[in-house]
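Keep in mind that the numbers below use all heavy atoms, side chains included, and drop hydrogens, waters and symmetry copies.
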Amino acid sequence: GRLASAAAAAALGLLLLQSIPSLAPPLHVSACTTLAVARRASLDGSVFAAHSNDWASDPSPGALSLVPAARHPEGSVRSVSHGAIPQAARTFRYLTGGYGAANEYGLGVAESTCRNRPWPREAENAGALDIVDLSRIVLERARTAREGVGLMGALAERHGYRDAAESLLVVDPGEAYIFHVLRSPAPVGAVWAAQRVPDGHVAVVANAFTIREIDFDAPEDFLYSENMVALAEEAGFYAPPSPFDFTRVFGGGAGPQYASGRRMWRAYSLLAPGVNLNATYEDYIRDAPYPATIPASNVSKSLLFQTMRDFYANTPYALDKGMAAGFAGNPTRWSPGEGEKEVQGAWERPISLYRSQISFVLQLPREGPTPFVHYSPNAAHSGTYVPLSPRMSRLPPCVTNTTQWSKVERWSLAWATRYIFNLMQMNWSRMYNAFSSARLDFEDDTDRILRDLPLNATSELLDDELGARSEQAVDWLWGLSDALMAKFANNGGGPEGYPAWWLSSPEVGYTEGPHNADRKAKFTKH
């Protein structure tokens, strides 16, 4: 069906609130969370993958681009990060948000930076390719996940890999793979391995290698570079005949304690609640607390949205509880500043957080009008996923045009999402509950639009329908921001006050009553 007008979208946001009770493309990023869902693990038979592009601090605004298909003369070269490589005769149309996302044939990738052990002896790296190159070239040249894994491995070995240790989840409408790659100790080369996600399983990679024991007698499930075992032996990382645990052999840790593993535990607990995994461990590499994949069933697109928006709510690690969350239950934890230089410690690292530049969920149906890239800029929990497709011939300006944080620009989906996120900081729990309720209805409407698309939807129809929905999301977010401000300004104009648990804390000072400056000093001096 046709879409509602922008004015109607804004009005819808206001109407929904009335019914609620008061209450620049990245080249290197700090951390990303990725998920994959094999076909028989999903509710509708689609293969899914998800990715969040997280920075070390406030990210620059994200933007998407659609790279057209092309034919290239014989002898053409393709520019890459550290030089050039021979160009393919034909390249496919694909959608990218810095890293590649998905191509017109339904091949998709989701990136997560990892860590590897340093080689005891390593020559100066002269490789040509980094992970951004691989994530885009695979979409330009491959049609299936297995073909793509082999292509990336071969290119990295032939032309050299010059980047941090990395992971890509590589998916198509039939299957999914985990692909890990790291630099070779030689000037040109790479070490890599890939594991097929069994049908009926899900996989999570959160800034740490996850492939464990490689079965060298199962070529249908594992692929790897020919030099992998020999280089590991030469470096003293591995001694046969013990099992070849890729993560134990090459993994370089998982950052601060639980920074990676806790996200894996949380994602698995949401996607496969029947599987009992421990949220704690001593050493991620040595203890192998989480398998590379686990069985799951009936995983829906909405559950993937929920997972990518998670901040540990309703768990012992909830960021919206406790003194750090304040009286309003705010899960936001800003990047370290001057105080953290003086005080040792760390916050829980959630899946969704303010320093995400973009988040997307790839939906690759076996039978359907198109592969979908459900896209949300900034913190996923404060936005709505809008459906886009690599089969579109153009993307809407609200997701492609570059904005800046120095000026509020109301045409921008990134700004609309950033604005409502920051608005909700003033009274988080009440405003977020209202926002989440309104978002459910908006995303239900989005699903109805997608269900109405014909199986043979043309690029022009996708341009119109999906492009209009993205523009409508911008207007809906701005309308909802105004509605939230009107409803919750000055604490919502009601007797909500502060929760008793917060007032009872001696650090707050409420139970002591007004006191003189000398008494106050004992609470403020550290």
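Nearest approach of Gln195 to Ala292, heavy atoms of both residues: OE1-CB, 3.7 Å. Smallest separation of non-hydrogen atoms from Ser359 and Met308: OG-CE, 4.0 Å. The two residues Gly106 and Pro173 come nearest to each other via the heavy atoms O-CD, 3.4 Å. Here the closest heavy-atom approach between residue Asn330 and residue Gln425 is recorded as ND2-OE1, 2.8 Å. Across Asn103 and Leu139, no two heavy atoms sit closer than the pair ND2-O, 2.9 Å. Residues Ala208 and Val205 approach most closely at O-CG1, 3.5 Å, considering heavy atoms.
Listed by first then second residue, pairs satisfying salt bridge (charged side-chain N to carboxylate O under 4.0 Å, His left out) with a partner in residues 296-321 read Arg266-Asp310, Lys301-Asp447, Arg309-Glu443, not counting sequence neighbours.
To the nearest 0.5 Å, atoms CG (Leu271) and CD1 (Ile294) are separated by 7.5 Å. Of the inter-residue distances, the one linking Ile351 atom CD1 with Arg263 atom CZ reads 8.0 Å to the nearest 0.5 angstrom. Remark: Ser269 OG to Leu277 CG distance equals 8.5 Å, nearest 0.5 Å. How far CG of Asn53 is from CD1 of Ile358: 5.0 Å, rounded to the nearest 0.5 Å. Here CG of Asp130 is found 11.0 Å from CZ of Arg183. Values are rounded to the nearest 0.5 Å. To the nearest 0.5 angstrom, Leu43 atom CG is 11.0 Å from Leu304 atom CG.
Not counting sequence neighbours, the partners of Ala379 by the side chain to side chain contact (heavy atoms under 4.5 Å, CB included) test are Ser352, His381, Ser382, Phe421. Annotation: side-chain hydrogen bond (donor to acceptor under 3.5 Å, both in side chains) contacts of Ser46 (sequence neighbours excluded): Asp44. Evaluation of the salt bridge (charged side-chain N to carboxylate O under 4.0 Å, His left out) rule for Glu348 yields Arg262 as partners, not counting sequence neighbours. Remark: Arg40 engages Asp199 in a salt bridge (charged side-chain N to carboxylate O under 4.0 Å, His left out) (not counting sequence neighbours). Residues satisfying the salt bridge (charged side-chain N to carboxylate O under 4.0 Å, His left out) criterion with Glu338, sequence neighbours excluded, are Lys341. Under the salt bridge (charged side-chain N to carboxylate O under 4.0 Å, His left out) criterion, Arg196 pairs with Asp221, not counting sequence neighbours. For Ser42, there are no side-chain hydrogen bond (donor to acceptor under 3.5 Å, both in side chains) partners at least two apart in sequence or on another chain. By the side chain to side chain contact (heavy atoms under 4.5 Å, CB included) test, Trp502 is found to be paired with Met323, Phe327, Tyr498, Pro499, Val508, residues two or more places apart in sequence or in another chain being considered. Remark: Glu282 engages Arg286, Asp287 in a side chain to side chain contact (heavy atoms under 4.5 Å, CB included) (not counting sequence neighbours). In this structure, Asp215 has no side-chain hydrogen bond (donor to acceptor under 3.5 Å, both in side chains) partners at least two apart in sequence or on a different chain. Legend: residues meeting side-chain hydrogen bond (donor to acceptor under 3.5 Å, both in side chains) with Thr417, ordered by chain and number and at least two apart, are absent.
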Legend entry - Criterion side-chain hydrogen bond (donor to acceptor under 3.5 Å, both in side chains) on Arg439 and Thr384, from CA distance to verdict: CA-CA 7 Å; Arg439 180 172 60 192; Thr384 182; over 6 Å; no
Inset, instruction - Evaluate side-chain hydrogen bond (donor to acceptor under 3.5 Å, both in side chains) for Thr113 paired with Glu111, printing each intermediate quantity in order. - result: CA-CA 7 Å; Thr113 304; Glu111 178 275 345; 2.9 Å; yes
Inset, instruction - Could you check Thr210 against Met264 for side-chain contact (heavy atoms from CB on, under 4.5 Å), going step by step and ending with a plain yes or no? - result: CA-CA 10 Å; Thr210 63; Met264 292 182 66; 3.8 Å; yes
Inset, instruction - Step by step, work out the side-chain contact (heavy atoms from CB on, under 4.5 Å) result for Ile285 and Phe209. - result: CA-CA 9 Å; Ile285 300 293; Phe209 287 153; over 6 Å; no
Inset, instruction - Just do the side-chain hydrogen bond (donor to acceptor under 3.5 Å, both in side chains) check on Ser112 and Asn207 with the steps written out, would you? - result: CA-CA 5 Å; Ser112 184; Asn207 304 121; 3.3 Å; yes
Legend entry - Test log, rule side-chain contact (heavy atoms from CB on, under 4.5 Å), inputs Val386 and His374: CA-CA 5 Å; Val386 297; His374 302 279; over 6 Å; no
Inset, instruction - Please lay out, stage by stage, how Leu466 and Leu453 fare under the test side-chain contact (heavy atoms from CB on, under 4.5 Å). - result: CA-CA 10 Å; Leu466 304 186; Leu453 288 173; 4.3 Å; yes
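Using a 4.5 Å heavy-atom threshold, the side chains of Val204 and Thr34 count as separate. Taking 4.5 Å as the limit, some side-chain heavy atom of Val249 sits within range of a side-chain heavy atom of Phe244. Using a 4.5 Å cut-off on side-chain heavy atoms (C-beta onward), Asn427 and Asn491 make contact.
Side chains of Glu166 and His180: a donor-acceptor N/O pair is absent below 3.5 angstrom, by distance only. Checking Arg146 against Tyr177 by side-chain atom types alone, a donor-acceptor pair falls below 3.5 Å. Checking Tyr510 against Ser504 by side-chain atom types alone, no donor-acceptor pair falls below 3.5 Å.
For Asp444, the CG atom is densely surrounded, since the number of other residues' heavy atoms within 6.0 Å is greater than 12. Residue Glu220 qualifies as enclosed at atom CD: its count of foreign heavy atoms under 6.0 Å is above 12.
With a 6.0 Å cutoff to the six-membered ring centre and a 45° limit on the axis angle, Arg410 does not count as a cation-pi contact of Trp415. For the pair Arg115 and Phe250, the cation-pi criterion (under 6.0 Å, within 45° of the ring axis) is not fulfilled.
Between Tyr385 and Phe305, the two ring planes are parallel [angle under 30°; tilted spans 30° to 60°]. Trp428 and Phe311 have perpendicular rings, their planes meeting at more than 60° on a 0 to 90° scale where under 30° would count as parallel.
Between Asp54 and Arg355, none of the side-chain N atoms (NZ, or NE/NH1/NH2) sits under 4.0 Å from a carboxylate O, so this pair counts as no salt bridge.
When ring centroids are compared, Trp192 and Tyr224 stay outside the 6.0 Å threshold. Note: Trp265 and Tyr317 meet the aromatic proximity criterion, with ring centroids under 6.0 Å apart.
Between the side chain of Ser389 and the backbone N or O of Pro371 there is at least one donor-acceptor pair closer than 3.5 Å. Within the 3.5 Å criterion, the main-chain N or O of Gly337 finds a donor-acceptor partner in the side chain of Glu340. Looking only at distances, no side-chain donor or acceptor of Ser437 sits under 3.5 Å from a matching main-chain atom of Asn433.
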